Number of protein chains: 2
Amino acid sequence: MADAKKGRIRAEKSQKILDAAEQVFVQFGYKGSSLQAIATVAGLPKANLLYYFPNKQQLYNALLMDIVTRWNKNFTEITEEDDPAKTLERYIYAKVEQAIQYPNASKIFATELIQGAPNLNEYLRTDVKNWLQSSCKIINRWIAQGRMAKVDPEKLFFLIWSSTQHYAASETEVLILMDKTHYQEQDIKQIHQFLCQMILTGCGLKPSR
Amino acid sequence: MADAKKGRIRAEKSQKILDAAEQVFVQFGYKGSSLQAIATVAGLPKANLLYYFPNKQQLYNALLMDIVTRWNKNFTEITEEDDPAKTLERYIYAKVEQAIQYPNASKIFATELIQGAPNLNEYLRTDVKNWLQSSCKIINRWIAQGRMAKVDPEKLFFLIWSSTQHYAASETEVLILMDKTHYQEQDIKQIHQFLCQMILTGCGLKPSR
DNA sequence: GTCTATACAAGGATAGAC
DNA sequence: GTCTATCCTTGTATAGAC
């Protein structure tokens, strides 16, 4: 068998295990998840997991890396020349979409934060912090230029993050209270529109509709 | 020993165990927390826990009940005669204060929701749902009376819940990004003011300052 | 009421047959 | 590469001495 094919098979199996791990880790957290449970979901014997990943911790780390990679795609660069209203609207849309379409990623991220971010500390102190700092600078310039109301940019991003991730992390509560069993396509638009009305107006900007 | 005194001692010990349990359950979730870990934090031998609580599940339930009871105190009744701006400002304040002062309660609640609310389903379907329904009715009347802008009341409450609880559940991230080690007294006021500016303005109301 | 000892199941990880 | 068997640790829960 060619190396390329071997690599592909390995990648596919790894992915299958990661998918199962995601489901289980969401439900029980890191410590509460057993390899047995993950193996059962993946439809494999327990020992097979440890052939693909050296141990539980590194399986979890691989999963987190997967999630963080997807996450980073939404940390798009904001530049001074951009239109404040359009930029915020687009960013909020990306976050809502992410929360609805990949709730497990948001949930695992949220669990990490709740438990003190034992595995995300570096990521928070570097990637997230840098992105936030440069983005806040842009917001402050927009404010200085009179292009939007004076608001604390840091708290503005916290607001966008929390209000969007809520639909993932608190999915269970939201669905119960909305009398639904799952989100629908239109929910993304409605949530987006609501949040834009609130947040943009609060920033002294006009939502596009 | 009088029964009253026996009861008091029992209550005190139980409370000590519950405090320890809260710390451990926050860090590791339900399944990930061991009685041994809780006992160590409480400074007691493991078997002592099971004298005060019949088993792990009921210890956890007792803790949840404690939290829910504190929670319910903030579900104050909203009436049609109230002033919209003042009512929302007060409610947001209560939520911010709760998040900053009892972050563990918020974290355990959040973990429950992330994991599908296996122990809070009833609470969500009854208490929370009823409160939300009647509160949304009031908001809709305020809107019909032209006392505030037309907004989806359900999503409004989701926004208030998420944006305030964020400072508890994502405490670790927020503190890292704000270069702090812990919240200060003034943070409650600043967060409150920021959220009021955003949310009240978004509702077409005027924040008191 | 409090703690030690222990029963019994489940968990992480490895050895080694296939 | 894949699975069975197994080692050792930890976990929940109980029995019973103090």
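Naming: A, B, ... by sequence-line order, numbering from 1 per chain. All heavy atoms count here, side chains included; hydrogens, waters and symmetry mates do not. Quick caveat: nothing in here was measured; it's all calculated off a predicted structure.
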Problem set entry | Side chains of A/T40 and A/Q36, donor plus acceptor under 3.5 Å | yes
Exercise. How do A/A47 and A/K31 order along DNA chain D: which one's closest nucleotide is nearer the 5' end?
Worked result: A/A47
Problem set entry | Lys/Arg cation over aromatic A/Y91: A/K86, 6.0 Å, 45° cone | no
For this session: Using atom CZ of B/F28 as one end and atom P of D/dG11 as the other, report the distance to the nearest whole Å.
Result: 10 Å
Exercise. Taking the six-membered ring where the residue is Trp, are the ring centres of A/W161 and A/Y167 under 6.0 Å apart?
Worked result: no
For this session: Give one of base, sugar-phosphate or nothing for B/F53, where a contact means two heavy atoms less than 4.0 Å apart.
Result: nothing
For this session: State yes or no: are the ring centers of B/F157 and B/W131 separated by less than 6.0 Å?
Result: yes
For this session: Respond yes when some side-chain nitrogen or oxygen of B/N48 is under 4.0 Å from OP1 or OP2 of C/dC3, and no when none is.
Result: yes
Exercise. To the nearest angstrom, how far is A/I17 atom CD1 from D/dG1 atom C1'?
Worked result: 12 Å
Exercise. Counting only side-chain N and O atoms of A/S34, is one of them less than 4.0 Å from OP1 or OP2 of C/dA10?
Worked result: no
Problem set entry | Atom-to-atom span, OH of A/Y30 to P of C/dG11 - whole angstrom | 14 Å
Exercise. Any chance CD of B/E185 has more than 12 other-residue heavy atoms, nucleotides or ligands included, within less than 6.0 Å?
Worked result: no
For this session: Take the protein atom CZ of A/R10 and the nucleotide atom C1' of D/dT2, then report the distance between them rounded to whole Å.
Result: 12 Å
Exercise. B/I38 CD1 to D/dA13 P: how many Å, rounded?
Worked result: 11 Å
Exercise. To the nearest Å, how far apart are A/K56 NZ and C/dG12 P?
Worked result: 4 Å
Exercise. For B/L35, which contact category applies under a 4.0 Å heavy-atom criterion: base, sugar-phosphate, or nothing?
Worked result: sugar-phosphate
Problem set entry | Closest to the A/L50 side chain, choosing from D/dC3, D/dT2, C/dA13 | C/dA13
Exercise. Taking the side chain of A/Y51 as heavy atoms from C-beta outward, which of D/dG1, C/dA13, C/dG11 is closest to it?
Worked result: D/dG1
Problem set entry | Whole-Å distance separating the CD atom of A/Q36 from the C1' atom of C/dT14 | 16 Å
Exercise. Do B/K46 and D/dG11 share a donor-acceptor pair, side chain to base, under 3.5 Å?
Worked result: no
For this session: Counting heavy atoms from C-beta on, name the nucleotide in D/dG11, C/dC3, D/dT2 closest to the side chain of B/L44.
Result: C/dC3
Exercise. Quick one: is C/dG1 close enough that its OP1 or OP2 comes under 4.0 Å of any side-chain N or O from B/Y52?
Worked result: no
Seminar exercise, completed: Here the distance between atom P of D/dT2 and atom CD1 of A/I9, to the nearest Å, is 8 Å
